[in-house]
Amino acid sequence: METYARLLCPECGKAWQKSPSELPDPARTFHCPGCHASRRLSEFARTEHDLQTLRTF
């Protein structure tokens with residue numbers, strides 16, 4: 001079973017999911033694939049549970 005983190009861009013509202021293994025550390029800068037907004041990956045986590053998933057992996 002593969003784990004996914006749900007992401008939501010705080011600027012454009014684009015929602016998607018990715019495997020945590022495909023994402024950088026939550027404190028690193030991440031770029032929205034929709035509008036290219038740049039923020040820490042942790043700011044894209046849709047819920048607290050998704051943030052914990054990112055931190056675990």
Side-chain angles (χ1 to χ4, degrees):
M1 180 174 117
E2 186 148 8
T3 302
Y4 287 94
R6 295 176 308 154
L7 305 169
L8 177 66
C9 179
E11 292 198 31
C12 74
K14 177 178 176 60
W16 72 103
Q17 63 182 21
K18 281 283 232 189
S19 170
S21 63
E22 298 177 323
L23 296 166
D25 181 272
R28 304 251 349 243
T29 299
F30 183 75
H31 307 285
C32 172
C35 71
H36 304 288
S38 299
R39 295 174 179 247
R40 289 186 319 234
L41 177 60
S42 61
E43 294 182 45
F44 286 91
R46 192 171 195 152
T47 64
E48 186 65 32
H49 178 13
D50 294 310
L51 180 57
Q52 289 304 322
T53 299
L54 291 172
R55 289 180 176 157
T56 300
F57 292 91

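Index from 1, following the sequence. Treat the numbers as computed from the prediction; the structure is a model and nothing was measured.
Minimum interatomic distance between Tyr4 and Thr53 (heavy atoms only, all atoms of both residues): O-CG2, 4.1 Å. Closest heavy-atom contact between Thr29 and Pro24: O-CG, 4.4 Å. The minimum heavy-atom distance between Ala15 and Arg46, with the atom names listed, is CB-NH1, 3.5 Å.
Atom SG in Cys9 sits 10.5 Å away from atom NE2 in His36 (nearest 0.5 Å). Taking CD from Glu22 and CD from Glu2, the interatomic distance works out to 7.0 Å, rounded to the nearest 0.5 Å.
Residues satisfying the salt bridge (Lys or Arg N to Asp or Glu O under 4.0 Å) criterion with Glu11, sequence neighbours excluded, are Arg39.
In this structure, Cys35 and Lys14 have side chains that are not in contact, with every pair of non-hydrogen atoms separated by 4.5 Å or more.
Residue Leu7 is found in a hydrophobic cluster whose other members, listed by chain and number, are Trp16, Leu23, Phe30, Leu41, Phe44, Leu54; membership requires side-chain heavy atoms under 4.5 Å apart, directly or through intermediates.
Side-chain contact, Thr47 with Asp50: a donor N or O sits under 3.5 Å from an acceptor N or O.
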